[in-house]
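The structure appears below as structure tokens.
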Amino acid sequence: MNVFGVDIGGSGIKGAPVDLDRGDLALERHKVLTPHPATPDAVADGVAEVIGHFGWTGPVGITFPGVVTGGITRTAANVDKGWVDTDAASLLGERIGGLPVTILNDADAAGVAEMTFGAGLGRKGTVILLTFGTGIGSALFIDGRLVPNTELGHLELNGYDAETRASTKAKEDADLSWSHWARRVQKYLAHVEMLFSPELFIIGGGVSRKSEKFLPLIEGVRAEIVPAGLQNDAGIVGAAMAASR
Ligand code: BGC
């Protein structure tokens, strides 16, 4: 069965029909640039363009880079503040001709896909997926079951919001070397480990493609640390999975 998945990110809005049996894109994904400012209206236009590109008529799952409860977007750390307390499910649903919409946090979506088709397959106990990108997203699983909206990217580390120090955007903005950035990631992982003692960390986001540049540099973390298996498509796949439930 195919369901459409859309991933709203800091730089792009990407989507494709997803083959839910294989956990993979059924067609090559289509991407439009995220508008700036990323207001609800402007982003809704982008989402409509991505879905319209495929002439899709069926259920749609959409990720959002903030807290989402009951279709309402609650926070907006890296998008326009107009998203706070917006009924995003209704707004986006109307904009795409009334197709049924499920909306969830981006890291939660990526985590759900990783636990079913990727690096978390069959893993019991506490598993934490962290996505490193514009921000840091988190998805916490206990015996395969998601605890949604954990927002571990905003833990305080050395007096700072952790994602402002250890996201890939922080690396790029300050032009940090891999080893300098890896030290920050290590500190962050050690802090999360101190709080949750997970068995496994799954490292997602675009940077998971370059895991060989920084994962070998990380020491002193007891948990196993592995790169995401689905890499950048995990959000799209997880969104589609959420919409099929
Ligand atoms: C947001 C999270 C999101 C993460 C990755 C953070 O700033 O608060 O909700 O999952 O960025 O996009």
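We use all heavy atoms of the structure for the numbers below, so side chains are in, but hydrogens, waters and symmetry mates are not. Every number for a ligand or one of its atoms is a count from 1 in the order of the listing. Throughout, residue positions are numbered sequentially from 1 according to the sequence presented.
If you check the side chains of Thr134 and Asn78, you find no donor sitting under 3.5 Å from an acceptor. Judged by distance alone, the side chains of Ser11 and Thr34 never bring a donor and an acceptor atom under 3.5 Å apart.
For ligand 1, the atoms lying closer than 4.0 Å to a non-hydrogen atom of Glu163 are 6 (C), 7 (O), 11 (O). Under a 4.0 Å criterion applied to the non-hydrogen atoms of Asn78, ligand 1 contributes the atoms 7 (O), 11 (O). Those atoms of ligand 1 that come under 4.0 Å of a heavy atom in Gly137, given as number and element, are 4 (C), 5 (C), 10 (O). Below 4.0 Å from some heavy atom of His154 lie the following atoms of ligand 1, by number and element: 1 (C), 6 (C), 7 (O), 8 (O).
Under 4.0 angstrom from ligand 1, the non-hydrogen atoms of Pro65 come from both its backbone and its side chain. Under 4.0 angstrom from ligand 1, the non-hydrogen atoms of Asn105 all belong to its side chain. The part of Ile136 lying near ligand 1 is the backbone, judged by heavy-atom distances below 4.0 Å.
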* Working for side chain to side chain contact (heavy atoms under 4.5 Å, CB included), residues Lys14 and Asp233 -> CA-CA 9 Å; Lys14 304 163 280 187; Asp233 289 332; over 6 Å; no
* Stepwise side chain to side chain contact (heavy atoms under 4.5 Å, CB included) check, Trp83 with Val43 -> CA-CA 10 Å; Trp83 285 96; Val43 170; 3.5 Å; yes
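Considering CD1 of Ile218 and OH of Tyr188, their distance stands at 12.0 Å, rounded to 0.5 Å.
For the ligand labelled ligand 1, residue Gly66 lies inside the 4.0 Å heavy-atom shell.
Scanning the protein for heavy atoms near atom 2 (C) of ligand 1, the closest one is Glu151 OE2, 3.3 Å. Atom 3 (C) of ligand 1 has Asp106 OD1, 3.3 Å as its closest protein atom, hydrogens excluded (heavy atom only).
Atom CZ of Arg22 has more than 12 heavy atoms from other residues, nucleotides or ligands within 6.0 Å.
Counting heavy atoms from C-beta on, the side chains of Ile62 and Val47 come closer than 4.5 Å.
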